[in-house]
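Side chains included, hydrogens not; waters and symmetry mates left out as well; all remaining heavy atoms used.
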Amino acid sequence: MSLLHFLFSFLILVFSATFSVASIPKQQTLNTKEAEFFNPKLPPRTLSSSKKFEGSSNLVDLRYHMGPVLSSSPINIYLIWYGRWFVSQKLLIKDFITSISPSATPSSSPSPSVSQWWKTASLYTDQTGANVSRTVVIAKEHSDTRYSHGSHLTRLSIQQVIATAVKAAPFPVDHRNGIYLILTSHDVTVQDFCRAVCGFHYFTFPSMVGYTLPYAWIGNSGKQCPEVCAYPFAVPGYMGGSGPGALVPPNGDVGLDGMISVIAHELAELSTNPLVNAWYAGEDPTAPTEIADLCEGLYGTGGGGGYIGQVMRDRKGRTYNMNGNKGRKFLVQWVWSPVLKACAGPNALD
């Protein structure tokens with residue numbers, strides 16, 4: 001998720017008409033018990049830039065470039081915890097990931113839910129008409145607590161982290177169904193982190209890993225740049241307390257709650273453009289505008305012009321827009337719907 005994707009967010013003409021996800025049944029009702037709706041206006045994030053089109057726009061030329069999507073079911077996520085992580089932090093992130101798949105007991109994730117949010121990503125198809133899989137599972141985990149490639153990683157050394165995990169055989173080589181997800185702890189610095197990216201996805205080089213495997217990296221910005229990568233749970237320091245305040249994170253952890261929305265962003269794009277030759281806008285595959293880039297900073301109906309959209313706030317002031325398993329709540333950005341030609345999310349009010 002390049003911060004270059006943010007530069008035009010507050011200079012570009014904003015299209016503020018937003019729509020609900022077409023695939024959610026009309027009889028769906030939002031779970032608003034013990035919560036209120038509000039639409040906060042916040043200052044722009046530090047050094048922010050965006051390719052988003054809040055709402056809908058005929059200017060968006062999102063096209064299919066004939067490459068694969070992750071249509072095989074289930075999508076297997078191989079988690080690499082790089083650095084030192086608390087058990088509670090791991091559980092929060094895993095609860096989000098496991099909330100993506102449709103639940104056998106819908107009451108475990110009341111509407112609006114993470115699973116309903118993923119339904120928009122599943123609308124994308126490959127050239128055979130196969131949709132992105134609705135089912136996402138954590139296939140295996142690996143903890144690298146020894147910082148085997150140091151406490152500073154480059155884009156290439158991130159691939160070496162994957163190679164280490166694959167060659168040591170905690171992970172299989174999963175060409176067809178696999179996503180390799182590298183999560184770095186708050187004390188790990190990464191090339192361009194905070195300056196140009198909060199996370200990114202790509203595929204491994206055979207010369208580095210031995211195989212071509214889709215992967216994503218996301219870092220915990222809580223100690224390094226929360227106003228950049230954990231926005232809107234932290235706001236730029238130049239506001240000096242004189243402007244709108246940061247929102248209260250739904251799980252009480254600015255870095256982790258911000259990280260979850262970035263994880264969601266990268267998983268949505270990785271599933272629809274795993275080899276950077278499937279769904280994206282623009283002519284340059286080295287800098288594609290993908291389905292989450294188009295909706296950065298948009299979390300609900302009425303977003304745009306600095307407003308994040310209608311989201312929910314519970315009695316403790318915690319802000320969220322969707323529910324997950326085990327009673328979890330999350331604030332996750334919307335993604336572009338190929339049906340509505342608009343940013344869409346399960347908490348839409350229209």
My understanding is that only residues two or more places apart in sequence, or in another chain, count here; which of them pass ring pair (Phe, Tyr, Trp, His ring centres under 6.0 Å) with [X]?
| X | value |
| --- | --- |
| F171 | Y78 |
| H175 | Y211 |
| F96 | F330 |
| F203 | none |

List for me each residue that meets salt bridge (Lys or Arg N to Asp or Glu O under 4.0 Å) alongside [X], sequence neighbours excluded, and say none if there are none.
| X | value |
| --- | --- |
| K94 | E141 |
| R134 | none |
| D95 | K326, R328 |

For [X], what residues pass the side-chain contact (heavy atoms from CB on, under 4.5 Å) criterion, not counting sequence neighbours?
| X | value |
| --- | --- |
| Q89 | W85, F86, N220, D253, L256 |
| P250 | F233, D257, Y320, K329 |
| A278 | Y64, V69, N273 |

Next item on the list: Report yes if the distance between the aromatic ring centroids of W334 and Y299 is under 6.0 Å, otherwise no.
Entry: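 No, the ring centres sit 6.0 Å or more apart.
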Notebook entry, point to check: Any salt bridge (charged side-chain N to carboxylate O under 4.0 Å, His left out) pairs touching residues 142-169, not counting sequence neighbours?
Noted result: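 Non-adjacent pairs meeting salt bridge (charged side-chain N to carboxylate O under 4.0 Å, His left out): R155-D192.
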Checklist line | Other ILVMFWY residues reachable from V137 by side-chain steps of under 4.5 Å | finding: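 V137 shares its hydrophobic cluster with no other residue.
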